[in-house]
Amino acid sequence: MRLLDTIDSPADLRRLSAAQLSALAQEIREELLSTISTLGGHLASSLGAVELCLALHTAFEAPADQLVWDMGYQAYAHKLVTGRRRQIRTLKQFRGLTGFNNKDESPYDLFTTGHGGTCLSTAMGLAIGRDHAGGKHHVAAIIGDASLGEGMALEALNHIGHLKPNLLVILNDNKMSIAAPVGGLSRYLNRIITDPLYNRLRRKLERVVERLPKGTRLVQLGHRVEESLKGFLVPGLLFEELGFRYVGPIDGHHLNELIRTLRNLKRLKGPILLHVVTVKGKGYLPAERDPERFHKIEPFDLATGHLRVQNPKSKIQNSKASRVSNDQPAATFTEAFSEELIRLAQANKRLIGITAAMPEGTGLAAFGRQFPDRYIDVGMAEQHALGLAAGLARAGLRPVVALYSTFLQRAYDQIMHELCLQRLPVVLAIDRGGLVGEDGPTHHGVFDIGYLRILPNLTVLSPKDPEELKAMLRFSLEASAGPVAIRYARGGIVCGEPLGKPTRISLGKAEVLRDGKDVALIAVGSMVYPALEASTKLAAQGIDAAVVNARFVKPLDRVLLRQLATQLGAVVVLEEGQVAGGFGSAVSEALDAMGLSAVPFLRIGLPDQFTEHGTRAQLLALCQLDPDSLANRIAAWFTTQQKSPTDDLGLLADSAA
C-alpha cells in the first residue's frame with residue numbers, strides 16, 4: 001500500500017518519519033506525472049513545490065493555520081494531502097477538481113485563485129484580521145519569483161514592511177516563471193552567483209584554507225554554505241530594507257531543513273521572508289530540461305516526454321458537447337495572429353511586439369525569435385506593458401500588445417489613461433476572449449466586450465475565423481486615429497467549415513453572410529459560425545434567418561442595423577461574453593437611440609454568473625451557445641415574440657441551465 005493512500009488530511013503527515021516523508025514526496029511526483037501525462041495540465045511548477053508543500057503542512061496545522069498559495073498550479077501536492085487525492089484523476093475535468101485553488105472545493109483553500117501576485121495582499125488582510133480578533137494562529141503566503149515582480153505584490157510587500165504584522169512570506173524561487181523571469185528583481189536574486197569580485201575572493205580564500213589542517217574538508221563545507229552566504233549578503237538586503245526579517249536562501253527540496261526552519265520561524269514575530277530555492281520540474285528530467293514547455297502541457301508519453309494523441313477517455317464529453325467540433329483545430333486564432341504579425345513586421349520596421357510573461361500562449365514567441373530587437377516581454381506586469389506601449393507609440397513606433405483577455409483586466413486603467421485618453425495607435429491583440437476551457441472562471445475572458453466598448457476613442461473588433469483575424473490585424477495597423485482592440489477566442493472556429501478569404505474590412509461595417517426575411521441573427525466573433533449552423537436548423541423549422549457577422553463591437557454598423565430592424569422586424573444578437581453590458585446591450589442602446597426599441601429583440605450570451613471549468617465544447621453546450629441550443633432558443637422565442645416582444649435579462653440565466 002502506498003503511503004499516499006493513507007493521507008486523508010495534513011494531520012496524517014505529522015505522524016510520518018523523515019524517511020517516510022521523503023518516500024511520500026516521490027509517490028506524489030509519480031501520481032502527478034501519471035495524472036497529468038494522461039489528462040494534460042500544469043506540471044513543472046507542482047513538481048518543484050512538492051517538498052515545500054509537505055514541509056508547510058507538517059510544520060503548520062492547517063486549516064487553523066492559514067496557508068495562502070499564490071496562483072494554485074504549484075499546489076497540486078497540496079490538493080493531494082488535503083483530502084482530494086481520490087478525485088485527482090478528475091483534475092481540470094468537467095465537474096471535477098479545478099486546476100487552481102478553490103475556496104468552494106476545500107476548507108484548506110482560503111481563496112479561489114488564478115492570477116499571480118495576489119496572495120501577499122490577501123494574506124496581509126488575514127493577518128490583520130487575526131490580530132483584530134485576538135487570534136493566535138499563523139498566516140503564511142507562498143509566492144513565486146515571477147509573481148513577486150507583479151505590481152500588486154510589490155505594493156503589498158511595501159505595506160507589510162510598514163505595518164509589520166506577524167506574517168510569513170515564502171518566496172519560492174525556481175528562477176523560471178512561465179517564461180524566463182524578466183526584470184531587475186529576478187536578476188538581483190541571482191547576480192551574486194556570477195559576481196567576479198566575489199569569485200576572486202572565494203578562490204583566494206580557498207587557497208589559504210586548503211593549507212590549514214583539514215583544509216580540504218573546510219573548503220567543501222564552504223561550498224555547501226555558499227548559497228546561504230550569498231543570499232545573506234545580497235538578496236536579504238532588499239527585503240530587510242523593506243522591513244522584513246530575511247532568512248535564506250535554503251534548499252527547497254531538503255525536507256528536514258525546510259521543516260526545521262519553518263518550525264523555528266513560527267516562534268518569531270513580525271514580517272519574515274523565507275527564500276526557498278526549488279527546481280521547476282524536479283524529479284522528471286524532461287520537465288527539468290524544458291520547464292517552459294512542461295509548465296502547462298497536453299497529454300504526453302512519460303517515457304519520452306513527447307506529446308501523444310489525446311486519449312478520448314481523458315476528456316469527459318456529454319451529448320451536447322459532442323456536437324461541437326474539436327477544441328484545438330489545425331488552424332487557430334493564435335497561430336494566424338503569429339503568422340500575420342511576422343509577415344507584417346517584415347515590411348514594417350516600426351512594428352514592435354509586446355507581451356507580459358505569455359509569449360508562447362499568445363503566439364509572440366515566434367515573433368521574438370525572428371525579431372529579437374523588436375520583441376519585449378515585460379514579465380508579469382500588464383499595466384507596465386500598456387504604459388510602455390504608449391511611450392513607444394508616442395515615439396513613432398507601432399506596438400502590438402498580445403495578452404490573454406483575463407489578464408488584460410489587470411491593466412484597465414492603462415487602457416483608459418495611457419491609450420484612449422492619449423488617442424495613441426496601439427493594437428491590443430486579446431487572446432482567449434470567451435470561454436477558455438479547463439482553466440475555469442479565473443481565466444474565462446468573458447468581460448472584455450462590456451468594459452472595452454464604453455471607452456472613448458477605442459475601436460473594438462472581433463473576427464469570425466483565423467483568416468479574418470489576419471485581415472483585422474492589417475486593418476488595425478493601417479489605422480492611425482487611436483487604439484484598436486481585436487478580441488478573439490481560444491482555438492479556432494467551433495463548428496462548420498471556414499468561409500475562406502474574408503471581404504475587405506471597413507471601419508464600422510458589418511458583413512451579411514446570409515439573407516433572410518423573418519429574423520436577423522447578428523453574431524460577433526466566435527458566435528458567427530454557430531449562428532450560421534443555427535440558421536440552417538431554423539430553416540428546417542420554417543424560419544428564414546439572415547446571418548450577419550458584426551465584425552465591429554465598436555463602432556456599430558448602425559445603417560445596416562436600422563435596415564435589418566425595419567425590414568425583418570426581429571433581431572437576435574449572439575455573443576460569447578457576459579450578456580450584461582455586452583454587445584447585445586450596445587445593439588439595444590443603438591435601437592433605442594434610433595427610435596426602434598419596440599422591435600422584437602433577443603440577447604443571447606453568457607449569464608450573470610461565473611462559468612465553471614470544462615472543455616470549451618462542454619461549456620458552450622452548458623451555456624446553450626452550441627448550434628442546437630441556439631436554434632431551439634431562437635425558434636421558441638420567435639414563435640412567441642408577438643406576445644412578448646422583448647426578452648428580459650432575468651430570463652438569460654435559463655441559457656446556462
Side-chain angles (χ1 to χ4, degrees), residues 115-116 146 149-150 176-183 186 290-297 328 331-393 397-411 414-415 419 425-433 436 439 443 445 448 461 463 466 469-477 483-492:
H115 293 183
E150 202 277 329
M176 182 72 185
S177 55
I178 297 176
V182 174
S186 291
D290 193 357
E292 184 174 344
R293 185 167 73 89
F294 281 89
H295 169 73
K296 182 182 180 183
I297 192 167
Q328 295 188 349
T332 70
F333 285 103
T334 302
E335 291 166 348
F337 165 74
S338 180
E339 293 169 5
E340 188 65 11
L341 191 68
I342 290 172
R343 191 189 71 80
L344 292 169
Q346 290 168 346
N348 186 350
K349 304 302 182 185
R350 297 184 301 138
L351 197 155
I352 305 289
I354 303 173
T355 191
M358 51 195 84
E360 293 291 345
T362 61
L364 266 190
F367 177 92
R369 288 190 290 269
Q370 188 150 345
F371 306 103
D373 59 332
R374 289 192 275 155
Y375 164 73
I376 303 173
D377 184 349
V378 301
M380 196 181 295
E382 292 83 2
Q383 297 173 340
H384 169 58
L386 296 196
L388 172 65
L392 291 168
L397 299 174
R398 291 308 311 271
V400 177
V401 185
L403 301 171
Y404 294 174
S405 173
T406 187
F407 297 125
L408 182 64
Q409 295 165 183
R410 310 185 78 157
Q414 285 68 37
I415 303 173
L419 303 188
V426 174
V427 177
L428 300 176
I430 308 171
D431 204 326
R432 271 86 165 157
V436 300
D439 284 340
H443 282 59
D448 49 15
L461 304 92
L469 171 56
K470 293 181 179 181
M472 288 183 174
L473 186 57
R474 293 193 297 271
F475 166 86
S476 300
L477 286 168
V484 179
I486 312 174
R487 185 247 199 197
Y488 45 96
R490 182 182 184 184

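No hydrogens, no waters, no symmetry mates; every other heavy atom, side chains included, goes into these values. Numbering of residues begins at 1 and proceeds along the displayed sequence.
By the 4.0 Å N-to-carboxylate-O rule, K470 lies close enough to E339 to be salt-bridged with it.
Checking T406, T334, T362 one by one against D431, the side-chain hydrogen bond (donor to acceptor under 3.5 Å, both in side chains) holds for a single residue, T334.
The main-chain N or O of L477 is found under 3.5 Å from a side-chain atom of R398 such that the two form a donor-acceptor pair. With R487 contributing its side chain and G445 its backbone, the two residues share a donor-acceptor pair below 3.5 Å.
Between F333 and A489, the shortest heavy-atom contact is CD1-O, 3.4 Å. Of all heavy-atom pairs spanning V484 and S476, the tightest one is CG1-OG, 3.2 Å. Minimum interatomic distance between G363 and S338 (heavy atoms only, all atoms of both residues): O-OG, 2.8 Å. Across P425 and A393, no two heavy atoms sit closer than the pair CD-CB, 4.1 Å. In plain terms, the two heavy atoms of A402 and M358 that are nearest each other are O-CG, 4.4 Å. Here the closest heavy-atom approach between residue A389 and residue P399 is recorded as O-CG, 3.4 Å.
A heavy-atom distance below 4.5 Å is not found between the side chains of V426 and L392. Using a 4.5 Å heavy-atom threshold, the side chains of I415 and P483 count as separate. Contact annotation: the side chain of F367 never approaches that of T355 to less than 4.5 Å [non-hydrogen atoms, C-beta and beyond]. Contact check for Q414 versus E382: no side-chain heavy atoms found under the 4.5 Å cut-off. L364 has its side chain out of reach of D377: every pair of non-hydrogen atoms, C-beta onward, lies at least 4.5 Å apart. Side-chain contact between L428 and L419 is present, with at least one heavy-atom pair separated by less than 4.5 Å. Side-chain contact between R343 and R474 is present, with heavy atoms from C-beta onward closer than 4.5 Å. Considering only heavy atoms from C-beta on, I352 stays 4.5 Å or farther from F371 through its side chain.
Between Y404 and F407, the angle of the ring planes stays under 30°, which puts this pair in the parallel group of the 30/60° scheme.
Distance check: K349 NZ to D373 CG gives 9.5 Å after rounding to the nearest 0.5 Å. Put simply, CD1 on I354 and NE2 on H384 are 8.5 Å apart, with the number rounded to the nearest 0.5 Å. To the nearest 0.5 Å, atom CD of residue Q370 and atom CG of residue L341 are 10.0 Å apart.
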Run E360 and H295 through side chain to side chain contact (heavy atoms under 4.5 Å, CB included) and show every step you take.
CA-CA 11 Å; E360 293 291 345; H295 169 73; over 6 Å; no

